[in-house]
Amino acid sequence: MLMKTQKSENTKQLIIEKTSTVFNVKGYAGTSINDVMSATGLSKGCIYGNFENKDEIALSVFDYNFGKVTQHMKERILATEDSIERLLVYPHMYKNYFKYPYLRAGCPILNTATEADDTHPSLQKRVQKALDFWKTSIENQIKRGIGRNEIKADTNPTEIAVVMISMIEGAFMQAKVNNHMTELNIAMSFLEKLIRNLKA
């Protein structure tokens, strides 16, 4: 029984990993079960034997894609103690997004939020939760910096977090639509200046 359960978990993980880019590129509505079969090499019966429906796959894939971005960010943030340098991880990473395979297809939050806004309530809630997590993470980094006297005491953590996320997502969207880096580089350079100006 234990071996059967482990095999099922391995198959589910394979489906999630193999379809992560497909869902991020094509979106929920644009990804068919045939796409899932093609990406995994598995039969329809095998796929539906591990997931109840396409909704369940989409939710798991979003969690996987967002988790990869979050883990990468966390590792780079924890690599330094300085609060300003921790915040600078965001513009540095997104300015060089083409280096990271899981970002080349686009930011999972932006891609999924655009599609799920009115058409997929469950997916929208998952994106909203991810966005709240991201905002809270930035706010906490700023509060930490204020407490360590590394960031100006009058800095508003929520205000900076909202501006940072808006700049990153807006610039990332322009880069994907225009298929060049000009706007993204401009926005991330401006964001770097904004962050450096927070220094106490």
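Every heavy atom of this structure was used, including side-chain atoms; hydrogens, water molecules and symmetry mates were not.
- With contacts defined as side-chain heavy-atom distances shorter than 4.5 Å, the pair V36/T31 qualifies.
- Between atom NE2 of residue H92 and atom CG of residue L88 there is a gap of 4.5 Å, rounded to the nearest 0.5 Å.
- Heavy atoms from other residues, nucleotides or ligands lying under 6.0 Å from NZ of K18 number 12 at most.
- I77 has its side chain within reach of Y90: a pair of non-hydrogen atoms, C-beta onward, lies under 4.5 Å apart.
- Note on ring orientation: taking the six-membered ring where Trp is involved, the planes of Y94 and F172 are perpendicular (angle over 60°, cut-offs 30° and 60°).
- Of the candidates E150, Q141, K143, E150 is the only one forming a side-chain hydrogen bond (donor to acceptor under 3.5 Å, both in side chains) with S83.
- Residues passing the salt bridge (charged side-chain N to carboxylate O under 4.0 Å, His left out) test with K135, sequence neighbours excluded: E139.
- Atom-to-atom distance recorded for I47:CD1 and I33:CD1 is 4.5 Å, nearest 0.5 angstrom.
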Quiz: residues 189-198 side-chain donor-acceptor pairs under 3.5 angstrom, not counting sequence neighbours:
from	atom 1	to	atom 2	distance (Å)
S189	OG	K95	NZ	3.4
S189	OG	N185	O	2.9
E192	OE2	K95	NZ	3.1
N197	ND2	K193	O	3.3

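- If you check the side chains of S32 and D35, you find a donor sitting under 3.5 Å from an acceptor.
- The local environment of CD in E52 is sparse, with at most 12 non-hydrogen atoms from other residues, nucleotides or ligands closer than 6.0 Å.
- Not counting sequence neighbours, D82 has no partner by the salt bridge (charged side-chain N to carboxylate O under 4.0 Å, His left out) test.
- Annotation: side chain of M93 is not in contact with side chain of M188 (no heavy-atom distance under 4.5 Å).
- In this structure, I57 CD1 and Y64 OH are separated by 15.0 Å, a value rounded to the nearest 0.5 Å.
- Between the side chains of Q128 and Q124, not a single donor N or O lies within less than 3.5 Å of an accepting N or O.
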